[in-house]
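Data first, discussion second: the structure below is written as C-alpha cells.
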Amino acid sequence: MAEIVAFGESLVEFVATRIGQTFNSPEAFEGPFPSGAPAIFADQAARQGASVAIAGCVGRDAFGEAILRRLADDGVSISHVARCADRPTGTAFVAYRADGERQFVFNIAQSAAGLLDASGISPDLFEGCRWLHIMGSSLYNTGAIRAARAASEEARRRGCGISFDPNIRPELTGSHEAQRALWETLEICDLFLPSEADLRFFHPKLGRDEVIRKVLERPSLEAVVLKRGAAGSLYVDRKRRIEAQGFEVTEIDPTGAGDCFCGTFLACLVRDVPVEQALVRANAAGAMAVLRRGPMEGNSSKSELDDFIAARSANLPSVLTSK
Ligand code: ATP
Ligand code: MG
C-alpha cells in the first residue's frame, strides 16, 4: 500500500568537485551517489513518513544495488522496480559553471531506465494511493511516456490526485514527443510544481504571475506551487496566494532541492497538513538539501526537519497569505 506513487529514472550520479569544473578536461568527480529525480522525491517523501512506492528499471549491477538499497533502507517500496540483466543502471554526471548554471550528461534512455513502459505500471501499485507524482524528466522516450499515460489513467480511475513537477532538462526532453508529453501532463494534473526556469518552457514570453494565471485557467488544475530557489516558494490557487520566504543557508549543491521540496510537500498533503505549514516544511527540506553535496544526501527525516525548523524558531522566514 502506497499513499504516494512515483515512477521513472532511478540512477547513480557523479558530481564535479569544483565550481567552474567542466567536462572538457579530466578532473575529479565524486560518486556514485544514489539519484534520479523521482527517486530523490520518493526517498524524501518516505523519510517524511509517507508510504511511497516507485516503479522503474535498473540494471543487475552494483549501481542498481546502490540506488535500490538506499531507497529500501529509507522506506520506499521498490517491489515495482524491475532488474534488467542486459542493460546497465542509468547514470548522470553534473558540473557547475561559475554562474550557477549546471551542465548534465545523462545516460538514461539507453540504460535500463529506458526499458520502462506501460507494462511496468501495474494497477496494484495504486492500492491505497492518494497522489501520483509525475516528473517531466521521466518523459525521456516513447516507453516512459506510455508509462506516464498508463499511470495517470490508473490514478484518475481511482480518484487519486496527480502532481506534476516539469523538472525540465533539455538534455532529456528535447524531442517533439517529450515536449508534447510535458504539455499533456500539464493538462491532466491537479497540482503543478514548477521551478521558475520550468515556467519559461511553457510560456517563454510571459512573466511569472501571467504564466501562473494562464495555467490556472485549466479547470482541472487546483493549485500551482512555484519553487524559487533561495527565495523560497509561492503557492497560488483560485482563492489564495501564499508566499513563503526561503531559509537562509550557504548552498553547497543545489541538485535535488526541487525533488526534495516536492517529496516533503506531498508527504504533508497526505497528512492533511495546512498549506502554509507544508510550504515552510518543504522550504526547510529544500534548504537542508542544498547543504550537502550529492543529489539525495541532503534528504531529511521528519525529526531532522523538525530540529532544523526548531533551531530557527526565533527567526522563522515569513509566510504571507493574501486573497
Ligand atoms: P532541482 O530541479 O535542481 O532539484 P528546482 O529548480 O526544481 O531544483 P529549486 O527552486 O532550486 O528547485 O529548489 C527547491 C526549493 O528548495 C526552493 O523552493 C527552496 O525552498 C529550497 N532551496 C533551494 N535552494 C536554496 C537555497 N540556496 N537556500 C535556501 N533554500 C533553497
Ligand atoms: Mg526541479
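For the single chain, residues carry numbers from 1 onward in sequence order. Atoms within each ligand, like the ligands themselves, are counted from 1 in listed order.
- No side-chain N or O of Asp306 forms a donor-acceptor pair with one of Ser303 less than 3.5 Å apart.
- The distance criterion of under 3.5 Å between nitrogen or oxygen atoms is met by Gly232 with respect to ligand 1.
- Of all atoms in ligand 1, numbered sequentially from 1 with element shown, those under 4.0 Å from a heavy atom of Asp259 are 4 (O).
- Hydrophobic clustering of Ile, Leu, Val, Met, Phe, Trp and Tyr side chains at less than 4.5 Å, counting indirect connections, keeps Leu115 apart from Val81.
- Defined by atom type and a distance below 3.5 Å, a donor-acceptor pair is missing between the side-chain atoms of Thr22 and Gln103.
- Here Arg102 has side-chain heavy atoms under 4.0 Å from ligand 1, and that is the only part of it that gets that close.
- When non-hydrogen atoms are compared, ligand 1 lies under 4.0 Å from the side chain of Ser195 (C-beta onward) but not from its backbone.
- Checking Ala230, Cys260, Gly258, Gly229 against atom 19 (C) of ligand 1, the nearest heavy atom belongs to Gly229.
- Ile19 and Val94 fall within a single hydrophobic cluster, where Ile, Leu, Val, Met, Phe, Trp and Tyr are joined by side-chain heavy atoms under 4.5 Å apart, directly or via other members.
- Counting heavy atoms under 4.0 Å from ligand 1, residue Asn167 touches it through the side chain alone.
- Cluster partners of Phe29, by chain and number: Val12, Phe14, Phe23, Phe63, Phe93, Val105. The rule joins Ile, Leu, Val, Met, Phe, Trp and Tyr whenever side-chain heavy atoms lie under 4.5 Å apart.
- Using a 4.0 Å heavy-atom cutoff, Gly256 is listed among the residues neighbouring ligand 1.
- Heavy atoms of Gln245 come nearer than 4.0 angstrom to ligand 1 in no pair at all.
- At a heavy-atom distance under 4.0 Å, only side-chain atoms of Glu251, from C-beta outward, approach ligand 1.
- Under a hydrophobic-cluster definition in which Ile, Leu, Val, Met, Phe, Trp and Tyr are linked whenever side-chain heavy atoms come within less than 4.5 Å, directly or via other members, Leu291 and Leu305 are assigned to the same cluster.
- Each of the following atoms of ligand 1 lies closer than 4.0 Å to a heavy atom of Arg228: 10 (O), 18 (O).
- Residue-level proximity to ligand 1 for Glu196 is absent, since no heavy atom of it falls below 4.0 angstrom.
- Those atoms of ligand 1 that come under 4.0 Å of a heavy atom in Val249, given as number and element, are 28 (N), 29 (C).
- Looking at Leu291, Thr255, Asn283, it is Asn283 that brings a heavy atom closest to atom 20 (O) of ligand 1.
- Using modelled atom types and a 3.5 Å distance limit, the side chains of Thr17 and Glu30 yield no donor-acceptor pair.
- Among residues at least two apart or in separate chains, ring pair (Phe, Tyr, Trp, His ring centres under 6.0 Å) pairs with a member in residues 217-256 are Phe247-Phe308.
- If you check each of Gly286, Ala285, Pro295, Gly298 against atom 21 (C) of ligand 1, the one with the closest non-hydrogen atom is Gly286.
- If you check the side chains of Gln44 and Ser300, you find a donor sitting under 3.5 Å from an acceptor.
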